[in-house]
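All figures in this text were calculated on a predicted structure; none of them were measured in a lab.
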Amino acid sequence: TLSTVSISNVLNRLPNVAPPGGTLPDGSIVTWVAGTPPEAGHINVTGATGNIHTLNGREYFTINFTHENTKNPFFHVVPPQGPDYWLGGENTPPLPPSFTFVNKDSAQTYSTGGGTVSILLTVNP
């Protein structure tokens, strides 16, 4: 049985905030500032490793991610009175650190509050 895997074709996408803005209860207008600072969001995968393990007689495949330069969304806030200000954009822990899938030939998707990972898993004997 294999105990290690190779991972290829990691595709990061630009972050998206939906809706990109709105109005707070105090009347402040909040707008997401796309592309600043920088284009990375909570998920910015720069590498991945994987392993196969057995639990209760079933094989599973776990991907462990390496992230770099992950950031919270950055917003411009314009209150009804007083100066406008910026909120967010600071470094944040990466999401997710890992995902686990059933080890079988298949297309699988795993979602969490931090993002979605889709894989096409091919098990080579």
Side-chain angles (χ1 to χ4, degrees):
T1 303
L2 293 174
S3 60
T4 60
V5 297
S6 63
I7 298 168
S8 60
N9 299 326
V10 173
L11 174 64
N12 286 312
R13 296 189 178 158
L14 295 177
N16 184 31
V17 173
T23 304
L24 297 177
D26 71 355
S28 296
I29 298 171
V30 180
T31 306
W32 172 50
V33 183
T36 57
E39 288 289 333
H42 285 172
I43 299 175
N44 189 42
V45 177
T46 56
T49 59
N51 64 344
I52 296 171
H53 59 279
T54 302
L55 179 63
N56 296 327
R58 187 169 208 180
E59 281 193 344
Y60 293 90
F61 169 81
T62 299
I63 302 172
N64 301 296
F65 296 108
T66 303
H67 297 267
E68 205 171 283
N69 202 27
T70 55
K71 302 284 185 182
N72 279 324
F74 193 55
F75 297 93
H76 182 215
V77 182
V78 180
Q81 297 178 358
D84 60 340
Y85 59 95
W86 306 93
L87 182 65
E90 63 275 346
N91 290 333
T92 185
L95 295 172
S98 65
F99 282 118
T100 299
F101 301 91
V102 175
N103 187 27
K104 65 178 183 177
D105 286 353
S106 61
Q108 299 178 51
T109 300
Y110 187 100
S111 295
T112 182
T116 300
V117 172
S118 297
I119 67 165
L120 177 57
L121 181 61
T122 304
V123 180
N124 295 319

Inset, instruction - Measure across Phe74 and Gly88 and return the closest heavy-atom pair with its distance rounded to 0.1 Å. - result: CD1-O, 3.3 Å
Inset, instruction - Grab the two heavy atoms, one from Pro80 and one from Asp26, that are nearest each other, plus how far apart they are. - result: CG-O, 3.1 Å
Legend entry - ILVMFWY cluster, Phe75 and Ile29 together (side-chain gap under 4.5 Å): no
Legend entry - Backbone N/O of Thr92 and side chain of Thr70: donor-acceptor pair under 3.5 Å: yes
Inset, instruction - Taking Thr46 for its side chain and Thr66 for its backbone only, find out whether a donor-acceptor pair lies under 3.5 Å. - result: yes
Inset, instruction - If a pair satisfies side-chain hydrogen bond (donor to acceptor under 3.5 Å, both in side chains) and one of its residues is in residues 76-87, list it, with sequence neighbours excluded. - result: His76-Asp84
Legend entry - Distance (rounded to the nearest 0.5 Å) between Leu87 CG and Glu90 CD: 7.0 Å
Inset, instruction - Please indicate whether Leu24 has more than 12 foreign heavy atoms, meaning atoms of other residues, nucleotides or ligands, lying under 6.0 Å from its CG. - result: yes
Legend entry - Test item: Asn69 and Asn91 side chains (from C-beta on) under 4.5 Å apart, heavy atoms: yes
